[in-house]
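Letters A, B, ... mirror the listed sequences (proteins, then strands); counts begin at 1. Values below: every heavy atom of this structure, side chains too, minus hydrogens, waters and symmetry copies.
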Amino acid sequence: MANLIEEAKLSIDGLLEKAYEKAVSNETLPQGGFPQGKVEIPKDTTNGDYAANHAMAGAKSLKLPPRTLAEIFVSEIDLSDSYFESVEIAGPGFLNFRLSDNWYGKVLETILREDEAYGCSDEGHGEKVMIEFVSANPTGPMTIGNARGGVLGDALASVMQRAGYNVSREFYVNDAGNQVDLFGKSIEARYLQLIKGEEAVDFPENGYHGEDIKNLAKAIYERDGEKYLDMDSDERCRSFVEFGLPYNIALMKQHLERYRIHFDNWFLESALHNSGYVEETVKLLEDAGCTYEKEDALWLRNTDFGADKDEVLRRSNGFYTYYAVDIAYHRNKFIERGFDRVIDVWGADHHGHAIRFAASMTAPVLGLQNKKLDFLIMQMVRLVRGSEVVKVSKRTGKALTLNDLLDEIGVDACRFFFNAKPDTHLEFDLDLAIRQDSENPVYYVQYAHARICSLIAAMAEEGHAVPTSGGVDASLLNTEQERELIKQLAMLTEEIRLAARDYDPSRINRYVTELAARFHRFYNNCRIKDAEPKLRDARLILCECTEKVIAIALEIVGVTAPEKM
RNA sequence: GCGCCAGUAGCUCAGGUGGAUAGAGCAACUGCCUUCUAAGCAGUAGGUCAGGGGUUCGAAUCCCUUCUGGCGUACCA
């Protein structure tokens, strides 16, 4: 549970404050003027491992030039038993600290001790969090459009679990409403076309044109023949939906498992209707005076809660809108199931809804004052083939399915690629993806892992297994490459914390790519096989720590860590 | 019109809540395998951080404004 990067950083403030107090007792500085400074990690390590700007921050109030103030700090500071071996003044008055052997050794010991739990923290204090993601319409197979949300939601869940949250993954199945009716009518049309010929039956406007619908119709026909031919259309469609939905849901589950996503719960929209929960929730809003009727429809006074427009809850035809159902669904998440925080992973095409919806959820009558509803809005994926933009739509049936994509580029590459920063538009070039072999960064990272594994195995063959006792002498690991590698290893806990805080699991991609880069540099500069025994052992331990950390990071992203390549 | 997200190297993108000389991968060019995996390493070249103002010791980062692109603004979900 150690976060040594932060521990070292936080300790600097204490060291400086003690130095300040000493200067006060020497009467070189006035009392009570310890400056609020910031400690950061400089980009360029010639400026130290940490840089504090206290001398610059305090220059004005203490009426001393920054550099003079810095000199006082340096002369009074006591670094013995600290994480640092030196501090120097640089530039306009930065205090640059350099980490000590003590710190480097502690990093490696921590990784060995915590093992697979390394990187975890108690940041979340067990807060009960639900992450709802993918939630693709069950009217067809999942498409490449679901690939991004899938990875983001799943990786965010992993990151938050490691950061100490009690996380539940949920898939919301829209098995009711308009699109399901349309789904039934689409199958119906294909079924009737099978019997009467394609020309004889009109296909519904806005129907689902995909091959999968034809296949469902064919499957029904093969099982039951012309049994539905003389049936009332409504009843027929109901039968087809009853057949088609479970089939599609099972297929989605299968494809998601292949994509290494496992949901804790598949929540059916129909359950909210059947139990009367939607009705009850709308009644709640009605009784509280949050609604009004207009043109036979029931409207929510959403502008009262800060939204830019009101919303229809119940259409003039008597059916509830998705909006009413969504309110009921979220009330269920918080009230009935007791989640403290809910994170919905939605595409940017829903962001307008997210803003208005968040406003609605503040309605006092819903009783969610102490609850937290957040959205992870990810920008759209732009599909291109070379220079041509590819349109994706489930309705037109022209979408590339997730499963086909996985056939083409593999699960590892796909998960790594789609774990990109949520708020930037992502361009996905199919031509590039297909030949995305060695130029994909995922292989760079996996290669580092495989390299370590085979090295350790080869060394063990020669009787030089990684030592399991005797501790680590980090003072031997004193090249620039070794120090940079260890610092990156120390960074994992902090990266996970930040990824959880910012809902940005793509940080882990960048982190692990940099870790691999630092390992490759170390590997090229530091021989292990023919090093002195003590140095060899220390380096072997460093290799093992790196291997463990890469494996942890890749697991978070959902990518395998191969032992051979 | 209004709202949200973006605009950084030829291409795809980083840039840790204002810090020191703006980075990486790919593409281009040059070196490095009789020595632990060359799917690697080292190096060269490539920039008016969309434009313009402002805030301060200091701005890619914060504020204002203009331009460009994506998405939304349904009794669809």
Side-chain angles (χ1 to χ4, degrees), chain A residues 5 38 40-44 46-47 51 53 56 59-60 66 90-94 96 135 137 139 174 176-180 182 206 269 294-299 308-309 311-323 325-326 347-356 377-380 382 417 420-429 432 436-448 450-459 462 464 491 494-495 498 502 506-507 509-510 513-514 516-517 519-531 536 539-540 543 564-565:
Chain A
I5 288 282
K38 260 189 173 175
E40 58 192 23
I41 300 172
K43 281 175 225 157
D44 186 349
T46 57
N47 293 322
N53 69 353
M56 290 142 82
K60 216 174 231 176
F94 285 106
N96 293 342
S135 300
N137 275 335
T139 51
N174 298 111
N178 271 340
Q179 84 280 356
V180 171
L182 200 57
N206 295 327
E269 177 186 348
K294 191 175 91 182
E295 292 162 9
D296 295 332
L298 183 71
W299 291 72
D308 58 347
K309 61 189 276 287
E311 293 285 345
V312 173
L313 293 177
R314 194 172 50 227
R315 286 178 262 162
S316 49
N317 64 10
F319 289 107
Y320 292 106
T321 59
Y322 78 98
Y323 203 91
V325 182
D326 243 10
D349 51 345
H350 288 75
H351 85 264
H353 172 48
I355 294 167
R356 287 187 293 276
I377 302 293
M378 49 168 182
Q379 295 301 313
M380 310 308 295
R382 216 169 97 101
F417 181 85
K421 230 175 87 170
D423 61 4
T424 54
H425 304 260
L426 191 57
E427 188 160 300
F428 191 83
D429 188 333
L432 209 70
Q436 211 160 27
D437 35 51
S438 56
E439 70 182 46
N440 189 316
V442 73
Y443 300 104
Y444 180 80
V445 176
Q446 290 184 316
Y447 181 63
R451 227 180 186 185
I452 298 171
C453 289
S454 53
L455 171 63
I456 287 177
M459 292 300 287
E462 293 180 23
H464 303 307
M491 202 70 173
E494 178 66 0
E495 284 293 344
L498 293 173
D502 299 341
S506 74
R507 295 188 69 102
N509 272 25
R510 274 166 256 136
T513 305
E514 177 62 26
F519 173 76
H520 286 310
R521 259 173 250 152
F522 155 73
Y523 183 88
N524 274 278
N525 277 279
C526 305
R527 298 282 306 174
I528 291 147
K529 199 174 175 181
D530 24 67
R536 183 192 64 214
R539 285 180 173 167
L540 274 172
C543 284
K564 271 184 193 164
M565 276 176 83

Most 5' of A:L498 and A:E295 on RNA chain B, judged by nearest nucleotide: A:L498
More than 12 heavy atoms of other groups within 6.0 Å of A:R315 CZ: yes
For A:Q379, the option from A:H351, A:K421, A:H425 that meets side-chain contact (heavy atoms from CB on, under 4.5 Å): A:H425
Touch class at under 4.0 angstrom, heavy-atom based, for A:M491 against every strand present: base
Sugar-phosphate, base or nothing in reach of A:L298, heavy atoms under 4.0 Å: nothing
Side chain of A:M565 - closest among B:C13, B:A77, B:A39: B:A39
Options B:A39, B:C41, B:C4, nucleotide nearest the side-chain atoms of A:R521: B:C41
Counter-base of B:G1, judged by Watson-Crick or G-U geometry with both distances under 3.5 Å: B:U73
Nucleotide nearest A:M56 (side chain, heavy atoms from C-beta), chosen from B:A77, B:A6, B:G19: B:G19
Pair partner, B:U56 [Watson-Crick or wobble, under 3.5 Å]: none
Sugar-phosphate only, base, or nothing, as touched by A:A448 at under 4.0 Å among non-hydrogen atoms: nothing
Separation of atom NE2 in A:H353 from atom P in B:A74, rounded to whole Å: 13 Å
hbond_proxy A:N525 side chain to B:A42 base (donor-acceptor, 3.5 Å cutoff): no
Spacing of the P atoms in B:G23 and B:A9 (rounded, Å): 14 Å
Under-4.0 Å side-chain N/O to phosphate OP1/OP2 contact, A:R510 with B:G15: yes
Under 3.5 Å: donor-acceptor pair, side chain of A:Q179, backbone of A:N174: yes
Closest-nucleotide 5' rank along RNA chain B - winner of A:N524 and A:K309: A:N524
Touch class at under 4.0 angstrom, heavy-atom based, for A:N96 against every strand present: base
Touch class at under 4.0 angstrom, heavy-atom based, for A:N53 against every strand present: base
B:G25 pyrimidine/purine six-ring stacking with A:Y444, under 5.5 Å and 30°: no
Sugar-phosphate, base or nothing in reach of A:A297, heavy atoms under 4.0 Å: base
Closest approach of A:T513 to A:V445 (non-hydrogen atoms, all atoms of both residues): CA-CG2, 3.8 Å
Donor/acceptor link under 3.5 angstrom from A:T321 side chain onto base of B:C75: no
Sugar-phosphate, base or nothing in reach of A:M459, heavy atoms under 4.0 Å: nothing
B:C71 OP1/OP2 closer than 4.0 Å to side-chain N/O of A:R382: no
Sugar-phosphate, base or nothing in reach of A:N178, heavy atoms under 4.0 Å: sugar-phosphate
Touch class at under 4.0 angstrom, heavy-atom based, for A:K421 against every strand present: sugar-phosphate
Under 3.5 Å donor-acceptor pair, A:Y443 side-chain atoms to B:A39 base atoms: no
Sugar-phosphate only, base, or nothing, as touched by A:T424 at under 4.0 Å among non-hydrogen atoms: sugar-phosphate
Distance (rounded to the nearest 0.5 Å) between A:D326 CG and A:E269 CD: 8.0 Å
Touch class at under 4.0 angstrom, heavy-atom based, for A:R356 against every strand present: sugar-phosphate
Distance-only donor-acceptor test, A:H425 side-chain atoms vs B:C5 base atoms, 3.5 Å: yes
Out of B:C41, B:A38, B:A20, whichever nucleotide has its closest atom nearest the side chain of A:Y447: B:A38
For B:C13, the Watson-Crick or wobble counterpart (both distances under 3.5 Å): B:G23
Pair assignment for B:A38, Watson-Crick or G-U wobble, requiring both distances under 3.5 Å: none
Touch class at under 4.0 angstrom, heavy-atom based, for A:A51 against every strand present: base
Touch class at under 4.0 angstrom, heavy-atom based, for A:C526 against every strand present: base
Non-hydrogen atoms of A:C543 and A:F522 that approach each other most closely: SG-CE2, 3.9 Å
Base orientation of B:C71, syn vs anti, 90° cut from 0: anti
Touch class at under 4.0 angstrom, heavy-atom based, for A:Y323 against every strand present: nothing
